[in-house]
Amino acid sequence: MVLDIRNVHVSLGSTPIVHGVGLSVAAGELVMLLGPNGAGKSTLLKAVSGDAPTRGEIIVAGQSLADWCPQALSRHRGVMPQRVDINFPLTAEEVVRLGLSAKSPGRADELVEHLLSELEISHLRHRLVPGLSGGEQQRLQLARVLAQIADTEGDRLLLLDECTSALDPAHQQVVLQRVQRLAREQGVAVLAVVHDLNLAAQYADRLVMMRAGRCVLEGSAREVLTPEVLDAVYGFQARIVELPEGYPLVVPLGQTRAQTAPLKPVCRQAS
Ligand SMILES: Nc1ncnc2c1ncn2[C@@H]1O[C@H](COP(=O)(O)OP(=O)(O)OP(=O)(O)O)[C@@H](O)[C@H]1O
């Protein structure tokens with residue numbers, strides 16, 4: 001496993017937020033973390049990013065998080081937080097270059113060119129970042145994070161917190177196709193928080209559902225995205241349509257009230 005989270009608890013201030021979560025992501029796997037607002041998804045990602053005080057064990061690329069030297073770890077683990085505010089007058093190209101490893105300077109220009117082009121932001125390269133739109137900045141941040149781990153040999157982990165939330169539907173597809181290729185073709189392990197259930201159904205290899213600081217279910221889109229689970233976890237009614245493409249489509253029908261009772265184990269229950 002590239003990421004192994006074992007019995008992790010996180011408290012912020014005196015408030016317990018994440019309660020005994022266990023979750024792992026293998027090389028080449030794209031796992032999407034779902035759950036209602038406030039479920040603890042970002043806090044869990046912050047724990048794996050080393051940005052939240054944590055009890056329990058987090059293993060990244062075969063080594064406990066606490067044992068990694070930060071500089072070496074940054075080449076194996078790329079983190080895209082939910083919000084990045086850049087108020088410095090840097091151009092888009094300079095921001096991508098910030099992520100580059102010093103290991104292969106000869107490839108730097110080619111790599112920057114490639115990332116800007118793949119994420120469809122080449123035309124913005126000389127623009128100052130504070131003036132970019134939300135969706136443009138989001139694609140730029142992903143390019144920076146991809147640059148950071150591009151030249152690493154061995155296990156690589158990508159943590160993405162709502163990396164498509166500001167994107168139009170076409171750019172959501174561009175970005176998630178890129179992330180999926182990174183996993184399938186280069187073996188990167190990806191843990192991504194998303195709210196869009198249909199994007200999760202389309203792209204994830206496995207879904208993990210969080211509720212109230214716990215991982216309550218994990219499985220395929222077909223196992224996790226059922227009317228019963230969506231009602232119990234989010235509190236809305238939905239019709240699930242099986243698409244010929246091979247994944248389910250969630251059609252929301254109206255609000256109910258999220259339940260707090262334990263979920264009926266419709267699939268393997270996460271720890
Ligand atoms: N510093 C803090 N002190 C106390 N509680 C906090 C602190 N920071 C966050 N929280 C609370 O922790 C809970 C989990 O927050 P988190 O951001 O992890 O949720 P999330 O699942 O990512 O939600 P969203 O989908 O809205 O982004 C929330 O109820 C939030 O208000």
Side-chain angles (χ1 to χ4, degrees), residues 3 5-25 30-58 60 65 77-85 134-135 137-139 141-142 145 157-167 172 175-176 179 190-204 206-219 221 224-225 229-236 238 250 252 255-263 269-271:
L3 173 64
I5 299 173
R6 297 178 191 160
N7 193 24
V8 158
H9 296 255
V10 185
S11 294
L12 297 175
S14 56
T15 315
I17 307 288
V18 171
H19 314 278
V21 164
L23 166 64
S24 53
V25 186
L30 171 46
V31 175
M32 291 198 179
L33 196 54
L34 307 174
N37 292 136
K41 305 178 296 296
S42 294
T43 305
L44 183 62
L45 249 59
K46 280 183 193 155
V48 182
S49 309
D51 293 331
T54 300
R55 255 188 323 119
E57 201 173 6
I58 299 175
V60 174
L65 200 54
R77 182 202 61 191
V79 182
M80 183 171 161
Q82 210 173 91
R83 283 187 49 184
V84 183
D85 292 322
Q137 293 210 25
Q138 208 164 38
R139 280 179 282 145
Q141 287 309 325
L142 182 61
V145 174
L157 171 67
L158 198 54
L159 302 173
L160 304 173
D161 196 347
E162 296 190 34
C163 70
T164 56
S165 59
L167 303 183
Q172 288 178 339
V175 160
L176 290 176
V179 169
V190 185
L191 180 60
V193 171
V194 289
H195 275 301
D196 187 319
L197 302 175
N198 288 322
L199 287 177
Q202 185 182 358
Y203 284 101
R206 181 159 52 95
L207 304 181
V208 176
M209 184 68 83
M210 281 191 83
R211 181 176 71 174
R214 291 188 164 80
C215 289
V216 288
L217 286 175
E218 66 171 278
V224 172
L225 301 178
V229 170
L230 298 177
D231 189 10
V233 174
Y234 292 96
F236 76 95
V250 177
Q255 194 195 13
T256 56
R257 234 181 81 194
Q259 301 154 21
T260 52
L263 282 174
Q269 191 157 0
S271 48

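Being a predicted model, the structure only gives us computed values, none of them experimental. For ligands, and for the atoms within them, numbers begin at 1 and follow the listed sequence.
- Protein residues with a heavy atom under 4.0 Å from ligand 1 are Leu12, Thr15, Ile17, Pro36, Asn37, Gly38, Ala39, Gly40, Lys41, Ser42, Thr43, Gln82, Glu162, His195.
- A distance-only check finds no donor-acceptor pair linking the side chain of Asn7 to the backbone of Gly56 [under 3.5 Å].
- Annotation: side chain to side chain donor-acceptor pair (under 3.5 Å) contacts of Arg83 (sequence neighbours excluded): Asp85.
- Within a 6.0 Å radius of CD in Gln255, no more than 12 heavy atoms belonging to other residues, nucleotides or ligands are found.
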**CA sep, side-chain torsions, deciding dist, call: Arg206, Val208, side chain to side chain contact (heavy atoms under 4.5 Å, CB included)** = CA-CA 7 Å; Arg206 181 159 52 95; Val208 176; 4.2 Å; yes
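- Just one of Leu160, Leu159, Leu167 meets the side-chain contact (heavy atoms from CB on, under 4.5 Å) condition when paired with Cys163; it is Leu160.
- Checked by atom type, the side-chain pair Gln138/Thr164 shows no donor-acceptor distance below 3.5 Å.
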